[in-house]
*Asks:* 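Take this structure, written in structure tokens, and hold onto it; I'll ask about it next.
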Amino acid sequence: MNALDDMVSLARSAFEQAHTPTELENAKAQFLGKSGRITELMKGLATLSVDEKKSQGAAINVAKQAIESALQERRAALAEAELQTQLKAEALDVTLPGRERPAGGLHPVSLTLERIEAIFGSMGFDVADGPEIESDWFNFTALNTPADHPARSMHDTFYVEGGSPDAPNLLRTHTSPMQIRHAVQHVKRHRAALDAGQGMPEIRVIAPGRTYRVDSDATHSPMFHQCEGLWIGENVSFKDLKHVFTDFCRTFFESDDLVLRFRPSFFPFTEPSAEIDIQFQSGPLAGRWLEVAGSGQVHPNVVRNMGLDPERFIGFAFGMGPDRLTMLRYGVNDLRLFFDGDVRFLSQFR
Ligand code: PHE
């Protein structure tokens with residue numbers, strides 16, 4: 001029976017050498033197939049005597065079973081190997097660090113606008129919002145700046161469709177048109193009381209927003225921000241402007257170590273007019289006068305265009321630059337950084 005033992009080990013090594021299911025099935029055919037060696041041996045039994053058939057047949061069956069179980073073993077081994085390769089290919093490394101989803105934040109100028117709104121809000125000012133595409137009337141004429149006024153040349157802007165041929169619509173050059181827009185609405189609501197000789201609640205409003213001029217360098221951008229302020233009543237004076245604006249600056253910069261200067265200036269819509277400069281008494285900016293706003297007492301013609309009697313109503317207005325305030329607050333030296341959208345810059349304000 002050595003021959004059968006040899007055949008079993010021959011089959012076993014043939015199976016071992018098969019590395020794919022197809023190779024294994026081919027190897028199987030050599031032993032267990034229709035003309036495989038075991039099958040041939042079975043056929044040979046026919047010529048033997050009954051006794052020999054019995055003993056030989058039993059021995060062949062033992063060999064056959066040994067080969068079949070070797071085959072099953074190998075099949076299982078190949079399937080397991082295949083599974084392992086597949087698992088490796090689809091491996092998920094749960095120890096890898098997660099992918100970060102960085103949190104966004106408000107733009108530094110937005111932070112400044114929020115701050116301005118909060119501070120003026122605490123002083124009883126409303127916040128108003130208006131169109132960036134403005135008519136010639138609101139941007140200039142209503143603000144005592146008629147078509148031939150030389151002050152218009154300092155406000156060159158981008159003209160757009162709409163309006164009339166000699167007074168086309170434009171991208172607003174300042175937030176001052178909001179003085180008129182807001183006051184007209186306010187006065188409309190209190191028209192009846194005013195006509196009956198009664199008073200109206202004071203107009204106290206700020207109007208932050210985007211403004212446009214043909215200007216571009218390290219401290220000027222064709223699109224920039226302004227915040228208008230307006231306070232109109234029956235007994236509002238320059239003293240109130242000084243008080244409110246000084247309070248604002250000290251709160252905004254979180255410093256009482258700060259002085260203001262009102263430097264005589266000119267705007268068509270205020271009379272008298274002043275530029276407001278601030279000076280820090282300590283810190284990196286100490287000792288320099290820094291211009292932060294234009295201001296003045298609202299011109300009688302403008303008060304009239306608000307629908308009010310300038311003999312009765314008086315007040316002041318100011319227009320400041322939130323971009324400039326942001327630069328001063330954070331020590332930014334180039335205005336254009338605010339509008340480049342570079343995350344390396346912006347993420348520092350998160
Ligand atoms: N609108 C003026 C400017 O843009 C600033 C200003 C506003 C001045 C209100 C006086 C009063 O330069």
Side-chain angles (χ1 to χ4, degrees), residues 113 116 120 125-128 130-132 134-146 149-158 170-184 203-215 219-233 236-246 248-249 260-278 290-306 310 313-325 335:
L113 292 175
I116 292 173
F120 278 101
F125 279 72
D126 292 329
V127 179
E132 289 168 34
E134 193 48 283
S135 70
D136 185 272
W137 166 257
F138 284 115
N139 198 80
F140 292 125
T141 312
L143 291 166
N144 202 33
T145 317
H149 198 290
R152 283 199 179 206
S153 62
M154 281 151 60
H155 285 230
D156 193 11
T157 182
F158 304 87
L170 45 89
L171 296 186
R172 65 179 179 187
T173 60
H174 50 178
T175 44
S176 299
M178 283 307 295
Q179 289 184 32
I180 308 288
R181 283 185 179 274
H182 182 81
V184 164
I203 298 172
R204 226 179 288 165
V205 68
I206 59 165
R210 280 182 282 269
T211 47
Y212 304 83
R213 281 184 215 179
V214 184
D215 249 345
T219 54
H220 295 89
S221 151
M223 188 287 295
F224 59 106
H225 296 85
Q226 278 199 343
C227 181
E228 198 75 9
L230 179 70
W231 188 351
I232 300 276
V236 184
S237 75
F238 225 96
K239 158 185 79 123
D240 297 306
L241 167 63
K242 281 186 111 162
H243 183 79
V244 158
F245 213 83
T246 304
F248 165 72
C249 289
L260 275 76
R261 169 173 87 175
F262 288 75
R263 179 164 42 86
S265 185
F266 174 81
F267 299 102
F269 35 91
T270 47
E271 180 59 38
S273 305
E275 302 279 358
I276 306 177
D277 301 336
I278 62 171
L290 308 159
E291 186 183 317
V292 291
S295 68
Q297 182 173 305
V298 179
H299 194 285
N301 287 347
V302 176
V303 174
R304 205 169 286 119
N305 288 333
M306 291 170 175
F313 289 97
I314 192 167
F316 61 79
F318 57 84
M320 60 182 157
D323 305 326
R324 173 56 95 75
L325 292 179
L335 175 74

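The chain is numbered in sequence order, starting from 1. For ligands, and for the atoms within them, numbers begin at 1 and follow the listed sequence. Heavy atoms only: backbone and side chains are in, while hydrogens, waters and symmetry mates are out. Note that the structure is predicted; figures quoted are calculated from it, not measured.
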*Asks:* What's the separation between atom CD1 in Ile206 and atom CG in Asp126, rounded to the nearest 0.5 Å?
*Replies:* 9.5 Å
*Asks:* Roughly how far apart are Arg210 CZ and Leu171 CG, rounded to 0.5 Å?
*Replies:* 11.5 Å
*Asks:* Enter the distance from Leu260:CG to Thr246:OG1 here, rounded to the nearest 0.5 Å.
*Replies:* 4.5 Å
*Asks:* Go through ligand 1 atom by atom and flag the ones less than 4.0 Å from a non-hydrogen atom of Glu228.
*Replies:* 7 (C), 9 (C)
*Asks:* Any atoms of ligand 1 less than 4.0 Å from a non-hydrogen atom of Gln179? List them with their elements.
*Replies:* 9 (C)
*Asks:* Is it the side chain, the backbone, both or neither of Ser273 that has a heavy atom closer than 4.0 Å to ligand 1?
*Replies:* neither
*Asks:* Suppose I only count heavy atoms of Ala317 and a 4.0 Å limit; which atoms of ligand 1 are within that range?
*Replies:* 9 (C), 11 (C)
*Asks:* Would you say the ring centroid of Phe269 lies under 6.0 angstrom from that of His174?
*Replies:* yes
*Asks:* Suppose I only count heavy atoms of Arg213 and a 4.0 Å limit; which atoms of ligand 1 are within that range?
*Replies:* 3 (C), 4 (O), 12 (O)
*Asks:* With a cut-off of 4.0 Å, which atoms of ligand 1 are near a heavy atom of Gln226?
*Replies:* 3 (C), 4 (O)
*Asks:* By number and element, which atoms of ligand 1 are closer than 4.0 Å to a non-hydrogen atom of Gly319?
*Replies:* 6 (C), 7 (C), 9 (C)
*Asks:* Flag this pair as yes if the NZ/CZ of Arg181 is under 6.0 angstrom from the six-membered ring centre of Phe138 and inside a 45 degree cone about the axis; otherwise no.
*Replies:* yes
*Asks:* Just to be sure I read this right, does ligand 1 sit under 4.0 Å from the backbone of Phe269, its side chain, both, or neither, counting only heavy atoms?
*Replies:* side chain
*Asks:* With ring centroids as reference points, do Phe120 and Phe318 lie under 6.0 angstrom apart?
*Replies:* yes
*Asks:* For Ser176, take its heavy atoms, then give the atoms of ligand 1 lying under 4.0 Å from any of them.
*Replies:* 1 (N), 7 (C)
*Asks:* Asn139 side chain to Thr173 main-chain N or O, any donor-acceptor pair under 3.5 Å?
*Replies:* yes
*Asks:* Pick from Asn301, Val298, Val303, Val302: which one makes a side chain to side chain contact (heavy atoms under 4.5 Å, CB included) with Pro310?
*Replies:* Val303
*Asks:* Ligand 1 versus Glu275, non-hydrogen atoms closer than 4.0 Å: side chain, backbone, both, neither?
*Replies:* neither
*Asks:* Is His299 in contact with ligand 1, taking contact as a heavy-atom separation below 4.0 Å?
*Replies:* no
*Asks:* Need the ligand 1 atom indices (1-based, order shown) with element for anything under 4.0 Å from a heavy-atom of Ser295.
*Replies:* 8 (C), 10 (C), 11 (C)
*Asks:* Answer with yes or no whether Met320 contacts ligand 1, where contact means a heavy atom under 4.0 Å from a ligand atom.
*Replies:* no
*Asks:* Against His225, only a single residue in Asp323, Thr211, Thr175 fulfils side-chain hydrogen bond (donor to acceptor under 3.5 Å, both in side chains); can you say which?
*Replies:* Asp323
